[in-house]
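Okay, so here's the structure we're looking at.
Protein chains get the first letters and strands the later ones, always in sequence-line order, with residue 1 at the start of each.
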Amino acid sequence: MLDKTYRPAEVEREIYGAWERSGAFACRSDSSATPYTIMMPPPNVTGSLHIGHALNFTLQDILIRYHRMRGFDALWQPGTDHAGIATQMMVERQLELEQSNRHKLGRDAFVERVWRWKAESGGAITRQLRALGASADWSRERFTMDEGLSAAVRKVFVELYKQRLIYRDKRLVNWDPKLHTGISDLEVENHETKGSLWYFKYPIDGETGAFIIVATTRPETMLGDTGVAVHPEDERYQQLIGRHVILPLVGRRIPIVADTYADPATGSGAVKITPAHDFNDFEVGRRHELPLVNVFDADAKLNDEVPAAYRGLDRFVARKQIVADMEALGLVEKIEPHTLMVPHGDRSGAVLEPRLTDQWYCNAAELAKAAIAAVETGRTVFVPKNWENTFFEWMRNIQPWNISRQLWWGHQIPAWYGPDGTIFVEESEEQALASAAAHYGKPVGLVRDPDVLDTWFSSALWPFSTLGWPDPTRELRRYYPTDVLVTGFDIIFFWVARMMMMGCKFMDDVPFRTVYIHALVRDERGQKMSKTKGNVIDPLELIERFGADALRFTLTALAAQGRDIKLAASRVEGYRNFITKLWNAARYAQMNGCTLVADFDPSGCKVMVNRWIVGAIAETNTRVAQAIDEYKFNEAARVLYQFIWGTFCDWYLEFTKPILSGSDEGMKAETRATTAWVLGETVHLLHPIAPFVTEELWKHFAGRDMLIAARWPSYEAALLDPDAMAEMNGVVALISAIRTARSEMNVPAASEIAAVHAVGAASAARIARHQEQIRRLARLKDLAPVAAAKLPALTGKSVQVLVEGGTVFLDVADTIDLAKERVRLIKEAAAVDAEIEKIAGKLENQQFITRAKPEVVEEQRERLDDARAAAERLRTAISRIGAS
RNA sequence: GGGCACGUAGCUCAGCGGGAGAGCACUUCCUUGACAUGGAAGGGGUCGCAAGUUCAAUCCUUGCCGUGCCCACCA
């Protein structure tokens, strides 16, 4: 017997273990089934499960479980990402606690230390994924720094280098002074910051008391100024073009140049040019051959290029000092408040500095061409489709991708330098040495490039490197291209676009047919969750409190396309109640001896309610399947919720109670079998979303093969029974109408009252067939047919209920307020009259008759007839009150 | 500045050319043997505003107002 309440914590671990042991998660690469593949976006090895992961992995698990049940050879390829910067930072923090640092350790020992950390603590995230119920093929788990994946990285790097799609370049890069590494444009986060705009006076060379005014938001960079630019057509400055200024504090003589970059309408119209510390200035400097004066060191402290007074100062300290010194010299014209966008590193949060360095770049614009074409031609589609715009927008304006990082943890760049600086890019040191020997005509020593690759470089290869590429494995042939990628919009550029580029380049085909972009999970007020705000909702805590199924169902129910999810614990609680409801329904069925009957044929049901529920589950199946096929996860959840709670529990189980407690053994047997069968089907349909509770229930009912390995039900169309549907809907409407009347007339729910009805033949037959159910659910002592003319007189102790095809007359024990009853009926009549007027108006419109679709016109006619009949009955009822 | 969304019941959101929906919250009633993590009933909305298209607009188009996000840039 099932426990009174479902305790998820107790069963989930056990069930997960059973699934894993059964081998149900594993793909079957030797089977003849059609493959269905999802590449799991590898979470950072340092990560722990956050609510965004929970959504992401729940949706993938739904797709995988659903397709597995549909008979596909489902592969959900899991793994983790080495997350260069994040992981290195984490281990460095540990070293800090030990009063050590990576430099004391040395590179090899440090990398060794990171590997040790990974071995000891790197599995947290995958354990948490298991707690969520993720049915990934753990036997195929990969790590982006596994030997195989690293070999793929080296091969791709070497091939792109040889095709000149990877190259080394010296240009300004976004430099993180805290992490001491360059990063890519994508890793820059601009934050609006309140600052100032300082107007400085630069003295004109050769004149006294003549100045040109430049405005700046970053005074500290003036030490690196090597020019001043004005617009060539700016009349104010015509006579100054070609002349020079003496850079204050430094004393350097720098030219005034004409360049269209200077905007006459901005600031003073003249702009100071610091080519080594500003991306725009760099270009201007290049056009006018201005020298680059780098004034910062790697920490963004002022270096020896600046006057002694400023050397070694932090850039922000220097800013204050410079402003003070300029003011002392009387060279500050004015200071205006100014808000500007300041670039920060997405990992360190440090304010970035543009810095001139040698870095490795990837020609993304070239690689993007095939990826763009693939989306244009629909070989890969985005769901929702509007994300394609975002993809195109970025891909069509893509900049060179800085792929080198000045870190120690990651894939070290396979490039070696000879004594004269010649670069040898090879897949191994041996090959590099051989190439060098051939190049120099003798063996030479080489120095390897110390940099590592951007983490996203290796994850870009994930869809094929995990399948064994570059070896032509069976898995690679079978599972590539994958079916769908499920991810958040925040990594379209970081990851999706790059996988597209690399897949098209090295596999000659897209990495996935569909990209499903899901929402962002926010807190209940719509704020982005963050540790600093303290509004983080921990999925593991929710799993502990409510169970994994409740969390999964909640996220699924809220996962509407194109809208962010606002999550609150109370919502999870609500869906936990839903899980409990299902559990109790099953418990009830079990208590009533409802057991699965081996040769049960649902299409052979004779009892109307059974035919009805069987048809309803068939319809539910179709709707759930369609919703999942269309990635409308919220729709699938809604349909199931409504069926289980609103149809099966609220009505079917109530309808069948008289049968189960009755004496007709045939009906009883059929009903028990049907109840068990419907429950069995229900847990199948719900399993992808709520795998644990359904598996547990299935165990109790079927006691044999696990649900995870079961087939998705398919039914004959004949199971849908429109007659049963119409009949039971009518009964439901009748009961609801009586209940409403009782409630409004304050008839106590406990009191059984007598009723008679005067309705048409069809409705009368229906009432007769479901007499017992109606009496039970509407709490009637009796419900007898009577001729319309012989309806009892209103005594002040009765209520009239208008139903389809007639009137039900309720005999109320206590006196009711006739005036109130009259008001009730008049209110109802007014609503019906309004509807009649609306529909009649429509039908009188000749344009409507001729131009609307015939079935629409017919539908409106029927509605009008119904409304008129209802109005007629209401009028009769009202007049009967008036007469009494 | 460019782009993408979103404004529907108190809240969170579905729906999307012909009858305004759900969950939660709220009010009233109910310890009826599956379930109080429950049952029954109810109140509550000019579907942001304005034009247009249409026989018909919450739904399509345009504009406006408001909100959010992404990208770029502002010396």
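Using a cut-off of 4.0 Å between Lys/Arg side-chain N and Asp/Glu carboxylate O, R775(A) and E772(A) are scored as not salt-bridged. We find that E353(A) and R218(A) are joined by a salt bridge, their nearest charged nitrogen and carboxylate oxygen being less than 4.0 Å apart. With respect to K632(A) and E630(A), a salt bridge is recorded, a charged nitrogen being found less than 4.0 Å from a carboxylate O. Comment: E635(A) engages R638(A) in a salt bridge, judged by a side-chain N to carboxylate O separation of less than 4.0 angstrom.
Geometrically, R319(A) does not engage W198(A) in a cation-pi contact defined by less than 6.0 Å to the ring centre and at most 45° from the axis. A cation-pi geometry, defined here as NZ or CZ lying under 6.0 Å from the six-membered ring centre and within 45° of its normal, holds between K657(A) and Y588(A).
Taking atom C1' on both rC6(B) and rC26(B), the two are 27 Å apart, rounded to the nearest angstrom. Spacing between rA20(B) and rA57(B) at atom C1', rounded to whole Å, works out to 13 Å. rC49(B) sits 15 Å from rU67(B) when the C1' atoms are compared, rounded to a whole Å. The gap from the P atom of rC69(B) to that of rA9(B) amounts to 22 Å, rounded to the nearest Å. Between rC60(B) and rG23(B), the distance separating the two P atoms is 26 Å to the nearest Å.
The phosphate of rG15(B) (OP1 or OP2) has no side-chain N or O of N634(A) nearer than 4.0 angstrom. Contact annotation: N577(A) side-chain N/O to rG38(B) OP1/OP2 distance is under 4.0 Å. Dashed line: the shortest gap from a side-chain N or O of K581(A) to OP1 or OP2 of rG39(B) is under 4.0 Å. Of the side-chain N and O atoms in T740(A), one or more sit less than 4.0 angstrom from OP1 or OP2 of rG42(B). An OP1 or OP2 oxygen of rA20(B) is reached within less than 4.0 angstrom by a side-chain nitrogen or oxygen of K838(A). Contact annotation: R571(A) does not reach the phosphate of rC24(B) (side-chain N/O to OP1 or OP2, under 4.0 Å).
Contact annotation for R739(A): backbone-only contact, meaning every heavy-atom pair under 4.0 Å involves sugar-phosphate atoms and none involves a base. Across all strands, E862(A) comes closer than 4.0 Å to no nucleic acid atom at all (heavy-atom distances). Across all strands, A262(A) comes closer than 4.0 Å to base atoms (heavy-atom distances).
A 6.0 Å sphere centred on CD of E544(A) holds no more than 12 heavy atoms belonging to other residues, nucleotides or ligands. Summarising the local packing, CD of E192(A) is surrounded by 12 or fewer heavy atoms from other residues, nucleotides or ligands at distances under 6.0 Å.
The partner of rC11(B), taking Watson-Crick or G-U wobble pairs whose two distances both stay under 3.5 Å, is rG23(B). With a cut-off of 3.5 Å on both Watson-Crick or G-U wobble distances, the partner of rC16(B) is given as none. The base-pairing partner of rU61(B), taking Watson-Crick or G-U wobble contacts with both distances under 3.5 Å, is rA51(B). Using N1 to N3 plus N6-O4 or O6-N4 for Watson-Crick, or N1-O2 and O6-N3 for G-U wobble, each under 3.5 Å, rG66(B) pairs with rC6(B). Base pairing of rC35(B) is not made with any nucleotide, judged by Watson-Crick or G-U wobble geometry with both donor-acceptor distances under 3.5 Å.
When rounded to the nearest whole Å, the span between CD of E855(A) and P of rG17(B) equals 15 Å. Atom P of nucleotide rA72(B) and atom CG of D185(A) are separated by 7 Å, given to the nearest angstrom. Rounded to whole angstrom, the span from the CD atom of E192(A) across to the P atom of rC70(B) amounts to 13 Å. The interatomic distance linking F391(A) (CZ) with rA5(B) (P) rounds to 17 Å, in whole Å. Remark: P of rC35(B) and CD of Q590(A) are 14 Å apart, rounded to the nearest angstrom. Note: CD1 (I491(A)) to C1' (rC71(B)) measures 18 Å, nearest angstrom. For the pair Y588(A) OH and rG33(B) C1', the computed distance is 10 Å after rounding to whole Å. Rounded to whole angstrom, the span from the CZ atom of R742(A) across to the P atom of rC30(B) amounts to 13 Å.
A donor N or O paired with an acceptor N or O is not found under 3.5 Å between the base of rA72(B) and the side-chain atoms of E393(A).
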List, with names and distances, any nitrogen or oxygen atoms from the protein found under 3.5 Å away from nitrogen or oxygen atoms belonging to nucleotides 53-57 of chain B.
unit_1, atom_1, unit_2, atom_2, d
rC55(B), OP1, R851(A), NE, 2.5
rC55(B), OP1, R851(A), NH1, 2.9
rC55(B), OP1, R851(A), NH2, 2.8
rC55(B), O2', N845(A), ND2, 3.0

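Just one residue in the list F633(A), F489(A), W387(A) forms a ring pair (Phe, Tyr, Trp, His ring centres under 6.0 Å) with Y516(A), and that residue is F633(A).
The nearest heavy atom of RNA chain B to W387(A) and to R587(A) marks one nucleotide each, and the one closer to the 5' end goes with W387(A). Both D650(A) and I565(A) lie near RNA chain B, and the one whose nearest nucleotide falls closer to the 5' end is I565(A).
Comparing rA36(B), rA41(B), rC74(B) against the side chain of N280(A) picks out rC74(B) as the nearest.
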